[in-house]
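This report concerns only the one structure given below.
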Protein chains: 2
Amino acid sequence: LIRTERITKVYRTGAVEVGALCGVSLEIREGEYVGLMGPSGSGKSTLMHLLGCLDTPTGGRYWLGGRDVTTLDDIELARLRNREIGFVFQNFNLLPRLSAGANVQLPMVYAGIKPRDRPRRARELLEMVGLGGRVHHRSNELSGGEMQRVALARALANEPSIILADEPTGNLDTRTSEEIMSLFDRLADQGNTIIVVTHDPEVSAHVRRVIRLRDGQVESQTAGSPA
Amino acid sequence: LIRTERITKVYRTGAVEVGALCGVSLEIREGEYVGLMGPSGSGKSTLMHLLGCLDTPTGGRYWLGGRDVTTLDDIELARLRNREIGFVFQNFNLLPRLSAGANVQLPMVYAGIKPRDRPRRARELLEMVGLGGRVHHRSNELSGGEMQRVALARALANEPSIILADEPTGNLDTRTSEEIMSLFDRLADQGNTIIVVTHDPEVSAHVRRVIRLRDGQVESQTAGSPA
Ligand SMILES: Nc1ncnc2c1ncn2[C@@H]1O[C@H](COP(=O)(O)OP(=O)(O)OP(=O)(O)O)[C@@H](O)[C@H]1O
Ligand SMILES: Nc1ncnc2c1ncn2[C@@H]1O[C@H](COP(=O)(O)OP(=O)(O)OP(=O)(O)O)[C@@H](O)[C@H]1O
Ligand SMILES: [Mg+2]
Ligand SMILES: [Mg+2]
């Protein structure tokens, strides 16, 4: 489903060049439940943005569902992102002045879901992440962990078959974190493809395969939870 | 040093009122090394903002250094925050277009540190958190864990005697997280007063006392690391 061949990403900022990813080749089959780990600054978010078609690589190839994404035009890319991929951002990326419910409905608007169906679906998704009581709260009036869960609910708005979650439990206490991971476990059991960035061993214990990055390269790949 | 008596905080958003803190009384002596834990939404960040004089309680009393903070005017409060308290925000709160070094220098400007001394001090603080190579990078060009560490370096800019850190390791891998906690350990050994919000038992294992919140109230207080 997801195949990359030596993808690289270099950020140019002013006179400085930062090699965030240096030749990453990996293959993730449909329905796999993968953890992505590695030190701070090793390139996890960069890789996730490339896999989620939110950014383009500086070099290398990326095939999604057998199609080379560089051959897709902007409209096809946007449609793919909106219908097939759910992305949970490390910094949540919510619209601060919109309510939690409105944030979750936003992807549904672009997917053409009927207006009368959206509020109920948004409420159900927020209840699934434990925020049924916060539907009408503005996202800038929520706690860190609450915003993080709204970002997850929004990522699931269009029932994507590929879920990319960048540190979905970083701001959550142990019990809430377990509730979120059992939600991911259910989504994995339903046959969805899931990639979770984490540095928490309790989170990576749920996945079936771990890819470890270091300095922009794949350092190791293991099946199941890491030692 | 820090004493609160039944402080409460109610957020009014539109027609809804959210009781974030409901009567919290606690005492923290100079040089104590305290962990603040509790579920997502239990009021940890709210309490930290009140203790850091970044917000005012809806009710109750708060004495800092023996002075009732409600008697201080805005100028005295700003001076206290800038000179005595270092605050690490859960959402980093960096100026995105400024470099890491410029962000760390900002509190020094308000404290009247000479311009020629600021760059070296900022560099030293960034090196202390492992970011010596990122001094001139804009903070919106950094990874999540890198931004978090710039926020910590900035909080230490004026060598505050009280350090309030809201989830300082949420975005860090285990090894970087340990480096940051050994920095906090050193600051504690030097006699600074430290309060760290965390939900990570490996972080709370470093502190000498844990205060647990639930639904806006103190649920328990223990000495040393929690079970
Ligand atoms: N600006 C605000 N306006 C309205 N309600 C708020 C605001 N900030 C926080 N709240 C609410 O107050 C409660 C406590 O929030 P707080 O941020 O203190 O929790 P927290 O313990 O830090 O949570 P987390 O671990 O998720 O960061 C939450 O339920 C939240 O919805
Ligand atoms: N927009 C950007 N411009 C320039 N450099 C960037 C940008 N985003 C990230 N970087 C750099 O690229 C490297 C990889 O960043 P990335 O965000 O992928 O790391 P990460 O593994 O997600 O880290 P963390 O665990 O701290 O979130 C970092 O060293 C960072 O400084
Ligand atoms: Mg990241
Ligand atoms: Mg918080």
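Every chain is numbered from 1, with letters handed out A, B, ... down the list of sequences.
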Do you know which two heavy atoms are closest between [X] and [Y], and how far apart they sit?
{"X": "B:S40", "Y": "A:D173", "value": "N-OD1, 2.8 Å"}
{"X": "A:H199", "Y": "B:T169", "value": "NE2-O, 4.0 Å"}
{"X": "A:N171", "Y": "B:E167", "value": "O-OE2, 4.2 Å"}

Going by salt bridge (charged side-chain N to carboxylate O under 4.0 Å, His left out), name the residues that satisfy it together with B:E219, two or more places apart in sequence or in a different chain.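 So B:E219 forms a salt bridge (charged side-chain N to carboxylate O under 4.0 Å, His left out) with B:R214.
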Q: Quick one: list whatever passes salt bridge (charged side-chain N to carboxylate O under 4.0 Å, His left out) with A:D74, sequence neighbours left out.
A: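 A:D74: no salt bridge (charged side-chain N to carboxylate O under 4.0 Å, His left out) contacts found.
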By a 4.5 Å heavy-atom criterion (distance strictly below it), what part of A:V18 contacts chain B: side chain, backbone, both, or neither?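 Only the side chain of A:V18 comes within 4.5 Å of chain B.
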Taking atom CG of A:D185 as the centre, does the number of heavy atoms from other residues, nucleotides or ligands within less than 6.0 Å exceed 12?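 Yes, enclosed.
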Looking at B:D117, I want to see if its CG is surrounded by more than 12 non-hydrogen atoms of other residues, nucleotides or ligands under 6.0 Å.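 Result for CG/B:D117: enclosed.
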| Just checking heavy atoms, which of residues 124-148 of chain A are less than 4.5 Å from chain B? |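 When heavy atoms of chain B are the reference, residues 124-148 of chain A contributes A:R134, A:H137, A:E141, A:S143, A:G144, A:G145, A:E146 within the under-4.5 Å range.
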Item to complete: Tell me, out of B:E202, B:K44, B:R149, who's got the most heavy-atom pairs with chain A below 4.5 Å.
Response: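 Going by pairs under 4.5 Å, I would pick B:R149.
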Open item on the list: Applying a heavy-atom distance below 4.5 Å, give me the residues of residues 91-99 of chain B that approach chain A, sorted by number.
Closed with: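 At a heavy-atom separation under 4.5 Å, chain A is reached by no residue of residues 91-99 of chain B.
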